**Q** 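My structure is below; once you've seen it, I'll send some questions.
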Amino acid sequence: MITVHNTLTGQKEPFTPKEPGKVRMYVCGPTVYSYIHIGNARTFTAFDVVARYLRYRGFDLTYVRNFTDVDDKIINAAKETGEEPVQLAQRYIDAFREDAKALHLIEPDVSPKVSDHIPEIVALIQKLVDRGVAYESQGDVYFQVSKYPQYAKLSKRNLDELRAGERVQPGEQKREPLDFALWKAAKPGEPAWDSPWGKGRPGWHIECSAMSAKYLGEDFDLHGGGLDLIFPHHENEIAQSEAATQKPFCRYWMHCGFLDLEGAKMSKSLGNVVRLRDALQRVDPEALRFFFLSTHYRNPLSFSEKSLADAETRMEYFYETLRRVDERAGGKDFGKGPLHGDPEQFVRDFERAMDDDFNVPGAFAALSGLFALMNELLDKPPVKDKAVIGRTLQALREVTRKFATVLGLLEDDPHDWLMRRRERLIAQKGIDRAKVEALIAERAAARAAKNFEEADRVRETLKAMGVEIMDTPAGTTWKVQA
RNA sequence: GGCGCCAUAGCCAAGUGGUAAGGCAAGGGUCUGCAAAACCCUCAUUCCCCGGUUCAAAUCCGGGUGGCGCCUCCA
């Protein structure tokens with residue numbers, strides 16, 4: 001039984017989708033006016049793991065994540081670049097797809113764009129107008145909040161307080177301050193579509209109501225997004241959808257906590273926004289995922305170079321272990337027979353943590369135990385029987401594959417991953433590979449001649465260059481110190 | 001001001017009534033010509049503070065203190 005912290009109730013609840021065995025999930029995707037930053041990436045990674053785990057648990061999942069490609073910010077950005085807004089939006093949709101792939105995010109089943117769903121949006125607005133909860137005013141259409149008594153049930157705000165703080169923007173034609181735009185009359189040069197209220201474009205919130213209804217139905221199971229979307233975006237979605245359909249909208253609302261930069265908020269005005277694609281130049285994608293997942297999704301997460309380096313060191317441990325396991329036991333036949341211990345115990349621990357509101361940090365404990373045991377079997381086997389060790393290593397390796405599928409980690413070939421990381425570090429530190437190899441050969445000669453003083457001197461020289469050498473039965477290998 | 005979140009070892013971080021997961025760092029050990037890697041051991045009588053409820057609280061309640069988010073575009 002999976003439990004989920006539901007923002008609607010503020011509590012952890014048993015997760016029971018409307019239709020048994022089937023989950024319909026909607027995650028608010030990016031507004032494509034620029035590249036996504038690492039905060040966006042954290043949220044998308046969190047829901048990526050939610051989606052993966054629901055599938056792992058056997059649910060038939062329909063996963064929708066939209067692109068908001070019609071919006072004020074896009075129009076403004078396009079003014080600066082001189083592009084057409086649609087063209088700029090498409091450029092950033094393409095960029096997002098690249099970023100998402102690089103971060104190992106699974107593809108949603110549907111990635112709808114606002115610009116492809118104007119008819120659905122217009123129809124939904126019309127329905128709200130017909131029901132008398134929305135009104136036209138000089139080419140704009142507004143949702144009348146006072147007509148929806150349950151307004152603010154998600155964010156639990158006091159309506160009077162909200163009214164006191166609300167200001168009507170110049171040019172807006174609202175009856176009441178809290179009313180929000182469903183449709184905005186076109187201004188010259190802006191993208192516009194025909195509607196019963198004249199040329200215009202959708203307001204911000206309506207697209208999610210229209211598109212989720214189209215692909216998931218009017219009442220679906222899970223809706224996700226960043227913490228900041230609770231108000232007003234999700235609040236407004238609920239109001240629009242429920243006012244239109246006269247039935248409860250989404251049943252479970254999940255919100256991901258913020259990522260900050262060592263305590264400081266990431267914001268454009270501070271000039272400290274870290275783009276995902278820039279971060280991925282410096283750190284391995286899986287290490288970045290590991291970092292995102294190292295704190296529970298609802299808690300704040302603090303980004304720093306140190307935390308990134310730590311994550312990568314941990315990934316190196318995992319991959320180094322897997323490389324050795326594959327070398328020892330990969331593709332071999334150890335026959336049938338008993339195992340050492342119970343590999344399934346790790347699966348049970350993993351699932352118990354994940355079932356509890358997707359507690360990935362808790363699941364990492366199971367992962368740690370699994371890797372410690374693999375290393376123990378490799379280096380200090382507690383049993384003598386080589387077949388038992390081999391079979392157990394293979395079984396444990398299979399368990400890591402299960403976890404990998406859920407976490408989107410450790411999906412690479414271990415050898416490839418380690419080599420790629422080494423290449424990146426060599427490039428970053430500007431290490432002269434030929435010189436390293438020459439020094440290692442020099443040292444090998446010294447060792448062969450039992451001249452250990454000389455050998456140690458070479459080791460020190462390499463160390464000063466940032467290169468660490470390891471003597472193995474197969475010869476001396478080296479790696480770059482992170 | 002309103003709403004909400006958070007406060008656990010040097011650091012990161014789980015744990016929402018039954019007596020403190022996991023990781024990093026550190027110290028000791030095994031292994032090694034020396035190292036590295038790996039493994040083993042040690043590392044919070046205690047969970048921001050003060051009260052209360054309970055046989056029992058990091059966990060529930062009340063009151064503080066400190067940090068943060070939203071209330072305006074924001075993942």
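All chains are named by letter (A, B, ...) in the order of the sequence lines, taking the proteins before the strands, and each is independently numbered beginning at 1. Since the structure is predicted, the reported quantities are computational estimates derived from the model, not experimental observations.
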**Q** In whole angstrom, give me the gap between the P atoms of B/A37 and B/G27.
**A**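 The same atom, P, in both gives a distance of 13 Å.
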**Q** Can you identify which nucleotide, out of B/C34, B/C39, B/G22, has its nearest atom closest to the A/Ala365 side chain?
**A**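 The closest nucleotide is B/G22.
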**Q** Report the nucleotide, chosen from B/C34, B/A75, B/A38, that has the shortest atom-to-atom distance to any side-chain atom of A/Phe258.
**A**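 Side chain of A/Phe258 sits closest to B/A75.
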**Q** With a 4.0 Å cut-off on heavy atoms, is A/Ile36 in touch with a base, just the backbone sugar-phosphate, or nothing at all?
**A**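 Nothing, no nucleic acid heavy atom in range.
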**Q** Kindly indicate whether the side chain of A/Arg457, heavy atoms from C-beta on, has any atom under 4.5 Å from the side chain of A/Phe452.
**A**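 With C-beta onward as the side chain, the pair stays apart.
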**Q** How far, in whole Å, is B/C11 from B/A7 if one measures between their P atoms?
**A**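 Roughly 15 Å separates the two P atoms.
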**Q** Could you check which of B/C70, B/G33, B/G69 has an atom nearest any side-chain atom of A/Leu227?
**A**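 Of all the options, the side chain of A/Leu227 is nearest to B/G69.
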**Q** A/Lys479 side chain: which of B/A21, B/A37, B/C71 is closest?
**A**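 The answer is B/A37, which lies nearest to the side chain.
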**Q** In whole Å, measure the gap between the P atoms of B/G28 and B/A14 for me.
**A**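 After rounding to an integer number of Å, I get 31 Å for this pair.
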**Q** Quick one: are the ring centres of A/Tyr252 and A/His223 less than 6.0 Å apart?
**A**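 Between A/Tyr252 and A/His223, the centre distance exceeds or equals 6.0 Å.
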**Q** Considering only B/A38, B/G33, B/C34, which nucleotide approaches the side chain of A/Ala455 most closely?
**A**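 Closest of the options to the side chain of A/Ala455: B/G33.
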**Q** Give a yes-or-no answer on whether the side chains of A/Arg52 and A/Tyr56 include a donor-acceptor pair shorter than 3.5 Å.
**A**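 No.
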**Q** Nearest to the side chain of A/Arg324, heavy atoms from C-beta on, is which of B/A75, B/A38, B/G33?
**A**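 Nucleotide nearest to A/Arg324's side chain: B/A38.
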**Q** Determine, for A/Arg57 against A/Glu351, whether the closest basic-nitrogen to carboxylate-oxygen distance falls under 4.0 angstrom.
**A**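 Looking at A/Glu351 together with A/Arg57, the answer is yes, because their closest N to O distance falls below 4.0 Å.
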**Q** Taking the six-membered ring where the residue is Trp, are the ring centres of A/Phe303 and A/Phe291 under 6.0 Å apart?
**A**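 Yes, close enough.
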**Q** Let me know, please, whether A/Phe364 or A/Lys463 comes out on the 5' side of the other along RNA chain B by nearest nucleotide.
**A**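 Upstream on the strand: A/Phe364.
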**Q** Determine the contact category for A/Ala372: base if any of its heavy atoms lies under 4.0 Å from a base atom, sugar-phosphate if only primed atoms, P, OP1 or OP2 are that close, otherwise nothing.
**A**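 Sugar-phosphate, no base atom in range.
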**Q** Would you call the rings of A/Tyr297 and A/Phe358 parallel, tilted or perpendicular if under 30° counts as parallel and over 60° as perpendicular?
**A**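 If you compare the ring of A/Tyr297 with that of A/Phe358, the planes turn out perpendicular.
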**Q** Between A/Trp417 and A/Glu316, is there a side-chain donor-acceptor contact under 3.5 Å, judged purely by atom types and distance?
**A**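 Result is no, nothing qualifies.
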**Q** Taking the minimum atom-to-atom distance to the side chain of A/Asp471, which one of B/C34, B/A75, B/C24 wins?
**A**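 Closest nucleotide to the A/Asp471 side chain: B/C34.
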**Q** Considering every strand and a 4.0 Å limit on heavy-atom distances, what is the contact class for A/Asp456: base, sugar-phosphate, or nothing?
**A**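 Counting heavy atoms under 4.0 Å across all strands, the contact made by A/Asp456 includes a base.
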**Q** Any chance you could lay out the ring-ring contact (aromatic ring centres under 6.0 Å, His included) test for A/His234 and A/His205, step after step, and finish with the verdict?
**A** CA-CA 8 Å; A/His234 288 162; A/His205 319 289; 9.4 Å; no
**Q** Side chain of A/Thr31, heavy atoms from C-beta onward: which of B/A37, B/A75, B/G33 has the nearest atom to it?
**A**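 Comparing B/A37, B/A75, B/G33 against the side chain of A/Thr31, the answer is B/A75.
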**Q** Heavy atoms from C-beta onward define the side chain here; which of B/G23, B/A75, B/A21 lies closest to that of A/Arg314?
**A**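 From the listed options, B/G23 comes nearest.
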**Q** Considering only atom C1', compute the distance from B/A25 to B/G66 and round it to an integer number of Å.
**A**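 Taking atom C1' in both B/A25 and B/G66, they lie 26 Å apart.
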**Q** Which letters describe nucleotides 4-16 of chain B, given B = protein heavy atom under 4.0 Å from base, S = only from sugar-phosphate, - = neither?
**A** --S------SSS-
**Q** By nearest atom, which of the nucleotides B/C71, B/G22, B/A75 is closest to the A/Phe231 side chain?
**A**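 Nucleotide nearest to A/Phe231's side chain: B/C71.
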**Q** For the side chain of A/Arg42 and the base of B/A75, is some donor closer than 3.5 Å to an acceptor across the two?
**A**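 No such pair is found, so the answer is no.
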